[in-house]
Each structure stands twice: as C-alpha cells, then as structure tokens.
S.K.: 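Could you have a look at this structure, given as structure tokens, before my questions?
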Amino acid sequence: MTFLTLILAAVIGLVPAPVEYSPKTCHTSFRKAVAELEPWQQKEAYRLTIKGKKVKIEALTDEGRFRAQTSLEQLRALGELPQGTIFDYPRLQHRGLMIDESRSFKGLVFLKKQVDAMALLKLNVLHLHLDDSAGWRIEIDSFPLLTEKTAFRLGYTYHQWEAGKYRFSTADDPSAYGGYYTKAQLRELVEYAAERFITVIPEIEMPGHSMEVGYAYPEVLCTLEDDTVCRGAWDLCPGSEATYRLLEGVLEEVMEVFPSPFIHIGGDEAVMKTWPDCPKCRALMKREGYTSVKQLQGYLVRRIESFVKAHGRRIIGWDEILETGVPEDAVVQSWRGVSGGQKASASGHQVIMSPNTHCYYNYYQDLIRKEPKAVGELVSLRFTYGYEPLAPGMAPEHLLGVQANLWTELIPTPEHAEYMLYPRLFALAETAWTPSSAKEYKGFRKRARRLLDVFRARGYNTFDMDTESDLARSGLQRFPPEGQPIPIDD
Ligand code: ACM
Ligand code: ZN
C-alpha cells in the first residue's frame with residue numbers, strides 16, 4: 001500500500017475506510033494481491049473495480065463478495081460511485097458489539113435492525129448478554145422457571161426495579177415489564193446474522209450477576225450453617241452441585257441454538273459475599289486446599305471451561321477470569337481498562353479489547369446537561385475514534401479483536417439504544433477494520449457525518465453530530481471544571 005492510495009482511500013466516503021483506493025484500474029491478479037495476508041483476512045478481502053457504470057467484484061469467498069457488496073451499498077447510499085479500484089481487507093478478526101438484553105429487553109426486530117447496521121459497517125460479531133440479575137432472556141426447556149419466574153419484573157427501568165427491591169413477576173401480570181427470546185426467535189436471529197456474515201455469541205453470566213437464577217432455582221444459592229438459603233444473593237454457589245447441573249443444562253441448550261465457536265461465560269464482578277459462610281463452599285475449599293474464597297471462582301470457571309471445550313467450543317470471559325487461573329485457550333475480554341488485555345497477552349491468551357474507558361457506549365458521548373442520563377467519563381466520537389486496541393506490550397497475534405459494549409441499565413428503549421450507538425459504532429468499525437496508519441479523525445468525522453444521514457434515512461435514531469459541544473469535539477476524556485476553556489482545533 002502506498003502513501004497515495006492510503007490518502008485516497010480516506011477521500012472516498014466509506015466507513016470504515018478501505019485499505020486502498022486508486023483512481024486507476026488495477027491489472028495484477030487478485031490472488032497475488034492477497035497472497036501475503038493471513039487466511040482470515042483473505043476470506044474477507046475483496047477488490048471492487050468501478051469503470052463507468054460497470055462494477056466488478058473479486059473475492060475468494062462469499063464473505064469477501066459480501067464485504068464488497070456492502071461497500072457498494074454504502075457508496076450508492078452516499079450517492080458516490082468513485083471510478084477506479086478499491087482493495088480492502090480487515091485489520092482484526094473479531095469486530096464486535098455487545099448488547100445487554102437483561103437490564104432492558106428490546107426484542108428481535110431491534111436486534112435484526114442492529115445486525116443490518118453492523119453488516120453495513122463490516123462488523124462481524126454480535127455478543128448478546130442474555131441474562132443478568134435483572135432478567136433471564138432465553139427460553140431453556142430443562143429449567144423453565146428461569147423465564148417463567150424471572151423474565152418479567154416489577155419496574156420498567158432497571159433503577160425502578162432496584163428501588164422496588166428487585167421484585168420479579170410473571171408474563172400474565174399487566175404491570176410487569178420484560179420478555180424473553182424463544183429458541184425459534186434466536187435461531188432466526190442466528191440465521192439472519194449468518195446471512196450477513198455476523199456470528200452471534202451468547203453470554204450466560206456466572207457466577208456473579210446471577211440473582212435471578214437463585215430466585216428461580218434456590219438450590220444454586222449458598223446457605224448458612226443451619227441450612228437457611230441466602231435468598232437475594234447476587235452470586236451462584238460454586239460449592240453446590242446443583243449450580244453445575246443448572247449451568248451445564250443451560251449451556252447444552254444454548255450451544256444447540258448458537259453454533260458460534262465461542263461461548264461467553266461472563267465471570268465479572270462476583271461479590272463473593274455469601275461464599276465464606278456457606279458450608280458447601282467451605283467443603284469445596286477444604287477438598288481443594290484453597291485458602292481464599294476467590295479460588296472458588298477459578299474452580300467454577302475451569303469446570304465450565306472444560307464442559308464447553310468438551311462440546312467443541314471455546315470460552316470467552318471478562319478479564320476477572322484471569323485472576324484465578326484459566327486454561328490458555330480461553331479468550332479474555334478486557335473491560336476494566338486495558339490492563340486485563342495486557343496481562344492476558346503476557347500469559348498467552350487471545351484477547352478482545354473493550355475497555356470501559358473507550359468502548360462503553362452507555363457512557364456519556366457529550367455534556368451531562370445536554371445528554372440523557374448516562375454513566376462514566378466522556379466517550380465522545382473523537383475520543384473513541386482515537387482508541388488503539390494493541391496496548392503497549394501486547395503481542396499482535398494475541399489481539400483477536402475489539403468490541404463496543406452497550407449496557408442498558410439507563411437505556412430503556414430501542415430509540416435510546418440507537419442514539420448511544422450511532423455514530424460511535426462507526427468509529428469502532430474503523431478501528432477494527434482500517435489499518436491504524438490510515439486513521440485520521442477529521443476525514444473520518446466528515447465521512448461519519450454523511451453516513452449518519454444514511455442511517456437516519458433508514459430509520460435509525462442517532463446522536464446529532466451538528467450540535468456536538470466543543471468539549472466532545474475536542475476529544476477530551478474528562479469533564480473539566482465549569483469555566484475551564486476547552487481546546488478545540490477543528
Ligand atoms: C462489565 O462491564 N461488568 C463487564
Ligand atoms: Zn456456597
């Protein structure tokens with residue numbers, strides 16, 4: 001790739017910017033052009049030649065042809081048909097978006113619409129957070145009470161539910177909020193996504209963030225010495241065999257629905273409050289010679305990992321899984337900043353980078369006073385665009401990919417979710433696809449602004465880039481004290 005083709009690639013309207021664009025027709029063979037690429041890059045690589053109104057697509061696979069077609073679709077929607085040759089392939093293998101369907105449930109129509117958007121942006125992984133304390137969202141035949149008892153709750157928003165002391169209800173209660181996906185719906189989503197070369201990765205959260213599971217099946221909860229069940233606990237009991245019967249039964253059914261090579265098992269933020277006093281946990285600690293309750297989390301993760309592996313899949317877990325020992329082929333998803341990713345790479349794991357500093361799109365994208373209530377520091381378009389996923393010290397071969405996460409405690413509607421995603425997901429897509437040397441914010445901002453109109457015309461509710469504050473435009477991460485001047489250079 002020459003400097004000129006790189007510069008020109010960012011001149012045409014595509015998001016993510018392609019690897020190369022030349023106004024000339026290229027005559028080298030396509031096979032030769034991709035010969036040096038990794039096999040997973042070759043699969044997605046394409047060359048698009050536009051001469052007059054004639055378009056020629058070259059690719060080695062249907063996936064490559066699909067990526068070319070989405071480029072063409074985007075260019076046509078932008079009203080552009082640049083003459084010459086686009087040669088393109090991805091930088092990273094895993095280009096993802098996570099949607100939390102537990103805290104607020106948005107349904108199949110919403111998910112399919114986001115899959116369409118992801119396809120247009122050349123993203124290829126939809127990670128579904130299907131259960132959490134606020135609601136179980138996938139039909140499981142062998143444990144029907146998960147949906148019967150916890151897919152509906154009293155409290156439309158997460159915080160209303162919290163204020164009402166975490167009460168669940170049932171589908172026949174007209175005042176209840178909630179829902180869940182049937183297996184047929186999820187199979188339909190998996191197929192719809194696969195037609196767009198997007199893999200859906202399910203997440204079944206454990207052992208923390210699992211209050212709803214204990215509400216439906218109290219045998220997975222810790223007890224006290226006198227057998228009193230620790231009702232309302234956020235964690236599963238790692239010392240109870242009932243926990244493994246339930247998790248393995250659930251995962252068997254989940255793996256029947258989702259053919260993805262990876263199954264996400266959560267692993268984050270277990271509070272471990274009930275574990276020290278639970279006789280089942282204590283017995284397990286004694287048997288295994290553990291000196292800290294934290295080691296119980298490692299026991300559970302390793303046991304589930306070998307179950308998943310025996311079914312021919314690999315696990316992904318949030319970066320906490322590193323702290324208590326996990327086999328090397330588990331993929332670590334770094335969320336507490338980038339250090340989890342760095343440590344995971346140092347111990348030989350593949351890594352998905354989704355640090356909350358840059359990739360949490362439930363965080364504010366502009367001034368607090370101007371935006372719907374959100375969390376965190378500022379993750380403006382410019383700030384998230386500046387993210388480089390290969391953290392210092394990380395081996396490039398360990399960097400599987402990058403992902404945006406949308407947690408939905410404060411995002412109750414589909415319209416609000418889209419508002420938080422677009423255009424920030426454009427930035428994530430460019431970070432994931434385009435060579436880092438070709439990224440340049442000002443040009444990206446112009447392309448993103450034009451693509452945003454396409455999204456609006458297609459019915460997406462987006463953030464308004466035209467009213468973005470100086471602070472957001474500056475790319476600063478922190479909200480400065482009132483009255484402090486904002487440096488701005490565009
Ligand atoms: C997380 O944000 N707790 C993974
Ligand atoms: Zn226990």
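Numbering starts at 1 and runs along the sequence shown. Remember, it's 1-based here, ligands and their atoms both numbered in the order they're listed.
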S.K.: Check the orientation of His264 and Trp318. Use parallel for under 30°, tilted for 30 to 60°, and perpendicular for over 60°.
M.R.: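 Judged by the thresholds at 30° and 60°, the geometry between His264 and Trp318 is tilted.
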S.K.: Out of all atoms in ligand 1, which are within 4.0 Å of some heavy atom of Trp407? Include the element for each.
M.R.: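 Result: 1 (C), 2 (O), 4 (C).
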S.K.: Is the closest basic N to carboxylate O distance between Arg91 and Glu388 below 4.0 Å?
M.R.: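 Result for this pair is yes, salt bridge flagged.
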S.K.: For atom 3 (N) of ligand 1, what is the closest protein heavy atom, and at what distance to 0.1 Å?
M.R.: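 Sorting protein heavy atoms by distance from atom 3 (N) of ligand 1 puts Asp268 OD2, 2.7 Å first.
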S.K.: So for ligand 1, is Tyr360 a polar contact partner (N or O within less than 3.5 Å, distance only)?
M.R.: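 Checking ligand 1 against Tyr360, an N or O pair does fall under 3.5 Å apart.
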S.K.: Hey, is there an N, O or S on Cys230 sitting under 2.8 Å from the Zn ion (ligand 2)?
M.R.: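 Checking Cys230: none of its N, O or S atoms is under 2.8 Å.
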S.K.: Counting only nitrogen or oxygen atoms and a 3.5 angstrom limit, does His209 reach ligand 1?
M.R.: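 For ligand 1, there is no N or O atom that lies under 3.5 Å from one belonging to His209.
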S.K.: Salt bridge check: are Lys273 and Asp235 linked by an N-O gap of less than 4.0 Å?
M.R.: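 Result for this pair is no, no salt bridge flagged.
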S.K.: Taking NZ, NE, NH1 and NH2 as the nitrogens, is one of them in Arg447 or Glu430 under 4.0 Å from a carboxylate oxygen of the other?
M.R.: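 So Arg447 pairs with Glu430 through a salt bridge.
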S.K.: Quick one: the SG of Cys222, the Zn ion (ligand 2), SG of Cys281 angle, rounded to 10°, please.
M.R.: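 Rounding to the nearest 10 degrees gives 110°.
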S.K.: Salt bridge check, Glu288 against Arg303: does any charged N sit closer than 4.0 Å to a carboxylate O?
M.R.: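 Looking at Arg303 and Glu288, the cut-off is not met.
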S.K.: Need the ligand 1 atom indices (1-based, order shown) with element for anything under 4.0 Å from a heavy-atom of Glu269.
M.R.: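 Matching atoms, with element in brackets: 3 (N).
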S.K.: Are any of the N/O atoms in Trp335 less than 3.5 Å from those in ligand 1?
M.R.: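 No; every N/O pair is 3.5 Å or more apart.
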S.K.: Run through Ile201, Asp319, Val331 and flag the one making a side chain to side chain contact (heavy atoms under 4.5 Å, CB included) with Ile352.
M.R.: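 Among Ile201, Asp319, Val331, the one that satisfies the side chain to side chain contact (heavy atoms under 4.5 Å, CB included) with Ile352 is Val331.
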